[in-house]
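Numbering of ligands and ligand atoms starts at 1, following listing order. Counting begins at 1 with the first residue of the sequence. Values in this document were obtained by computation on a predicted structure and should not be read as measured data.
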Amino acid sequence: MTAKDIFGGLKHLFAPLLLVSSLVSAEPVGRDEPPLVVAPHGMVVSGEALATRVGVNILRRGGNAIDAAVAVGFALAVTLPDAGNLGGGGFMLLHLAGNGESIALDYRETAPAAASEHMFVDNSGAVDIQRARFSHLSAGVPGTVAGLAYALAHYGSLSLKDVMAPAIRLAEEGYPVSGALAELLLKDVRHLGRSAASRHIFLHEDASPYKAGERLRQPDLAWSLRQIAAQGPKAFYGGAVGQRIVADMMRHGGLISLNDLKQYRPLLRTPVRGHYRGHEIIAMPPPSSGGVHLIQMLNMLEGYPIARLGHNNGPTLHLMTEVMKRAYADRSRYLGDPDFSPVPVRGLISSAYADVLRQAIDPEHATPVDGPGNPIPYESAETTHFTVVDRAGNIVTNTYTLNFRFGSGIVSAGTGILLNNEMDDFSARAGVPNAYGLVGGRANAIAPGKRPLSSMTPVIVFRDGRPVLATGSPGGSRIITTVLQMLMNVIDHGMNIAAATAASRMHHQWRPDKLWVETGLSSAAAKFLKKKGHRLISAAPMGVANSVMWTDEGLQGVADLRRRGGLAQGY
Ligand code: DON
């Protein structure tokens, strides 16, 4: 998947306004609602069915939500190679039933020690996309193995060997390729052709991809997993697996050294907290921008009678758009790794600041935005979110990623591990948009050891101290607005999570000044928005929310149908 392919594949995102009128209908068209799974004790919702079953088996055997989540995380590295990973990073939000504590675990990648601010800027001053996204240089030091092992050691009840056994078996014995995976492999033949090791795993000798039903075995990945299961995370962070990663880096001009791996640490952060119409929101703090802007947008929206204005009606969508613009404009300026420059989190999530921002929102007109961005859009199958709940009430809601689908497309030789291209989430040059069209400045400039800014937004919503909803999504810059709409659909519009998930989504990120809308918007709403001055663009499906909701009938789980192959299963 080259940058050109991404452009080509999604040309329709840039289609002229006219196209939108052909995509909207007189009445809102519901997309198919995903199955609503109800269970009394526990629930696992993930982006891939085999991995969901691995998690449910652990819960059934008496493992807690953390045991199951870690098992799902390792299993997805095998069964959902486009997004599940050992070579990437992410964020886990945990809620412990015992003491009521909520914990934010940051296992985001870090820039290697040899990284430098302008490492992706070429002699002409342009950002070298090939190096930033599709080379060994595009990989940050992976955090997934450290993050999952940390969660298990501190909050789990089973051994690493126990929870990794299913992943090892799936890698060793293989599994029949699903229709969903076969489709992605076919799309990404060129992307996966980037390294001999990835070709060897995902393509046949004649360079054709594995097809649905064919058995995909990953012996090198099984070897890596076995080393980690036997020796713990140090096998990856300096041991046999790490040594292979570093040898491959050295052969291909990558920067990750053994020392970088040894220095890597997952970090506990204080979750950001906010309130929305009597609910408490607990979400991921920087270096994810997700929690901060989710709460900032909710703060602004709380000043409007959203329920009365109605779901996906013109006036509601106008206000949501204006709110999104303001949050993403702040993101471009203030957000980055808080260990490198202070992020004004308190100010950004304060309701007083939201009041000020709200005053500048004109209910009658779109506020102009200066200057177009230059986004390379994406498809929404590159990151993955899973949510696990156990009988005791422990909750894990986790988003992790390689960044692009199959990351940089490069497998580290001998390890079976796909490398992330998360370095592109930094601002390679101030004001130059990254792959998601997001712009940034100094706060998100590259520096050794620094974590690139993320949009990943695992979140838990409580009411009167009891959990109501746990969710999260992939989707690059669209993650935060997808999660926002999940919360609004449940809290403002009283939907159950199947309806909340199926509802058409919209997105604005300040730059470029475009309002992306999924199919299903009514023609009346589209007309209203255009009249207000919004520039509508028809969007490919945005986000893949995998959620659990607590109801009087029991736990409800829903896997978003925008990506095939997900599964909600309870017990
Ligand atoms: O951390 C981030 O915000 C991005 N690396 C996430 C990438 C993503 O969600 C891709 N897509 N579906």
Side-chain angles (χ1 to χ4, degrees), residues 1 6 9-10 13 47 76 80-85 87-92 106-111 132-133 138-140 142-144 147 180 184 187-188 191 283-294 328 331-332 335-337 375-386 398-409 418-428 433-440 444 450-459 472-483 505 507 509 516 539-546 560 562-564 566:
M1 186 175 61
I6 306 175
L10 290 162
L13 284 185
L76 287 170
L80 191 80
D82 47 294
N85 66 81
F91 298 97
M92 183 182 281
D106 162 3
Y107 58 96
R108 181 73 162 162
E109 299 89 334
T110 54
R133 297 178 194 165
S138 56
T144 295
L184 297 184
K187 274 192 191 158
D188 281 357
H191 186 45
M284 200 47 69
S288 177
S289 59
V292 166
H293 295 306
L294 175 68
Y328 279 79
R331 184 188 191 278
S332 74
L335 268 284
D337 183 341
I376 298 178
Y378 68 98
E379 292 189 273
S380 59
E382 301 140 351
T383 297
T384 194
H385 181 84
F386 55 87
N398 184 96
T399 316
Y400 73 157
T401 187
L402 291 166
N403 195 24
F404 281 15
R405 206 160 65 207
F406 304 106
S408 63
L418 275 160
L419 293 171
N420 70 81
N421 56 352
E422 223 75 66
M423 291 294 283
D424 187 62
D425 275 352
F426 280 118
S427 178
N434 76 355
Y436 306 101
L438 294 168
V439 285
N444 191 29
K450 188 170 172 178
R451 284 156 147 92
L453 181 60
S454 173
S455 299
M456 291 188 272
T457 314
V459 64
S473 173
S477 55
R478 281 85 164 161
I479 293 173
I480 318 174
T481 49
T482 295
V483 173
R505 294 180 185 145
H507 171 79
Q509 59 183 53
W516 277 273
M542 297 189 278
V544 185
N546 289 328
D560 195 331
R562 286 174 182 78
R563 187 193 194 280
R564 290 166 62 197

Arg108/Asp106 ion pair, N-O < 4.0 Å
no
What are the atoms of ligand 1, with element, lying closer than 4.0 Å to any heavy atom of Arg108?
1 (O)
Under a 3.5 Å cutoff, is there a donor and acceptor pairing between the side chains of Tyr436 and Asn403?
yes
Heavy-atom pairs closer than 4.0 Å: do any link ligand 1 to the side chain of Arg563, the backbone, both, or neither?
neither
Proximal ligand 1 atoms for Ile479, defined as those under 4.0 Å from one of its heavy atoms:
9 (O)
Which bit of Arg405 is near ligand 1, meaning a heavy atom under 4.0 Å away: side chain, backbone, both or neither?
neither
So do His293 and Leu335 actually touch side chain to side chain, heavy atoms under 4.5 Å?
yes
Under 4.0 Å, heavy atoms only, figure out whether ligand 1 is touched by the backbone of Leu453, its side chain, both or neither.
neither
If we ignore angles and hydrogens, is there a donor and acceptor under 3.5 Å between the side chains of Arg331 and Ser289?
yes
Any N or O of Tyr436 that comes nearer than 3.5 Å to an N or O of ligand 1?
no
Can you sort out which atoms of ligand 1 are near Ser455, meaning under 4.0 Å from one of its heavy atoms?
1 (O), 2 (C), 3 (O)
Is it the case that the ring center of Phe91 lies less than 6.0 angstrom away from the ring center of His385?
no
Stepwise, does the salt bridge (charged side-chain N to carboxylate O under 4.0 Å, His left out) test hold for Asp82 with Lys187?
CA-CA 12 Å; Asp82 47 294; Lys187 274 192 191 158; over 6 Å; no
His507 and Trp516 aromatic ring geometry - parallel, tilted or perpendicular at 30°/60° bounds:
tilted
Relative to atom 5 (N) of ligand 1, which among Val544, Asp425, Leu438 owns the nearest non-hydrogen atom?
Asp425
Pairs of nitrogen or oxygen atoms closer than 3.5 Å, one from Gly476 and one from ligand 1: do any exist?
yes
Any idea which atoms of ligand 1 are less than 4.0 Å away from a heavy-atom of Thr383?
6 (C), 7 (C), 8 (C), 9 (O), 10 (C), 11 (N), 12 (N)
When only distance counts, is Thr401 in polar contact with ligand 1, meaning an N/O pair under 3.5 Å?
no
Under 4.0 Å between a Lys/Arg side-chain N and an Asp/Glu carboxylate O for Asp560 and Arg505?
yes
